[in-house]
Asker: 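Take this structure, written in structure tokens, and hold onto it; I'll ask about it next.
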Amino acid sequence: MQTDTAVSLFESLSSPVRLEVYRLLVRHSPDGLVAGEIATVLDMPPNKLSFHLKALAQAGMVTVEQQGRFQRYRANIPQMLDLIAFLTDKCCAGHPELCAPSHPEPSACSPKGVFHE
């Protein structure tokens, strides 16, 4: 991952609303939610939500699929894992096993062994 890509992804998550939307979609992976469901769960007006969903989709943090007259949004889990890998590349001077004790829980989405043996 290039630095400019990582910056764009972080910018897309820099709003509390977008971060909340993204975390909601992660919880509902892999099925995702339609925009109306997201608005209902987050108690947010649909027009305000669409602005945030568009920003997340443009950055590539979510995917969107047209289903009839609805749009289904899904968290882009591979993109998230790539971002985590970018952040942790060369962890502990290239010895990630040295960092394992400081990270008590692996990511629920991470393949086994990414943070722990």
Asker: Is V26 close to Y22 at the side-chain level, that is, under 4.5 Å between some pair of heavy atoms?
Answerer: yes
Asker: Do V17 and E20 have side chains that approach each other closer than 4.5 Å (heavy atoms only, starting at C-beta)?
Answerer: no
Asker: At what distance, to the nearest 0.5 angstrom, does CZ of R72 lie from NE2 of H28?
Answerer: 10.5 Å
Asker: Taking C-beta and beyond as the side chain, do L53 and V64 meet within less than 4.5 Å on heavy atoms?
Answerer: no
Asker: Just to verify, what does R18 make a salt bridge (charged side-chain N to carboxylate O under 4.0 Å, His left out) with, not counting sequence neighbours?
Answerer: none
Asker: Main chain of G36, side chain of T40: is a donor-acceptor contact present, judged purely on distance under 3.5 Å?
Answerer: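 Yes.
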Asker: Are M80 and F86 connected in a single hydrophobic cluster, I mean Ile/Leu/Val/Met/Phe/Trp/Tyr linked by side-chain heavy atoms less than 4.5 Å apart?
Answerer: yes
Asker: Quick check on side-chain contact (heavy atoms from CB on, under 4.5 Å): which of L9, V21, L19, N76 does M61 satisfy it with?
Answerer: L9
Asker: Would you say F10 and I77 are hydrophobically clustered, going by side-chain heavy atoms of ILVMFWY under 4.5 Å?
Answerer: yes
Asker: What are the two closest heavy atoms between A59 and Q79, and how far apart are they?
Answerer: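 Scanning both residues completely, I find the closest heavy atoms to be O-NE2, 4.1 Å.
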Asker: Without swapping roles, check the side chain of Q67 against the backbone of R69 for a donor-acceptor pair under 3.5 Å.
Answerer: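 It does not hold such a pair.
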Asker: Please determine whether residues F51 and V41 belong to a single hydrophobic cluster, defined as Ile, Leu, Val, Met, Phe, Trp and Tyr linked transitively by side-chain heavy-atom distances below 4.5 Å.
Answerer: no
Asker: Is M44 reachable from F70 through a run of hydrophobic residues whose side-chain heavy atoms are each under 4.5 Å from the next?
Answerer: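 In one cluster with F70: M44, no.
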Asker: Answer yes or no: are there more than 12 heavy-atom neighbours, outside Q2 itself, under 6.0 Å from its atom CD?
Answerer: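 Atom CD in Q2 is not crowded, with 12 or fewer foreign heavy atoms closer than 6.0 Å.
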Asker: On a heavy-atom basis, which atom in S14 and which in E11 lie closest, and how many Å separate them?
Answerer: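 S14 and E11 have their closest heavy atoms at OG-O, 2.7 Å.
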Asker: Honestly curious: do Y73 and L42 fall in one hydrophobic cluster under the side-chain, below-4.5 Å linking rule?
Answerer: yes
Asker: Taking P30's backbone N and O only, do any of them form a donor-acceptor pair with R74's side chain (distance below 3.5 Å, no angle check)?
Answerer: yes
Asker: Which value, rounded to the nearest 0.5 Å, describes the distance between L13 atom CG and L83 atom CG?
Answerer: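 Going from the CG atom of L13 to the CG atom of L83 covers 7.5 Å.
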Asker: A side-chain contact here means heavy atoms from C-beta on lying under 4.5 Å apart; do I38 and L25 qualify?
Answerer: yes
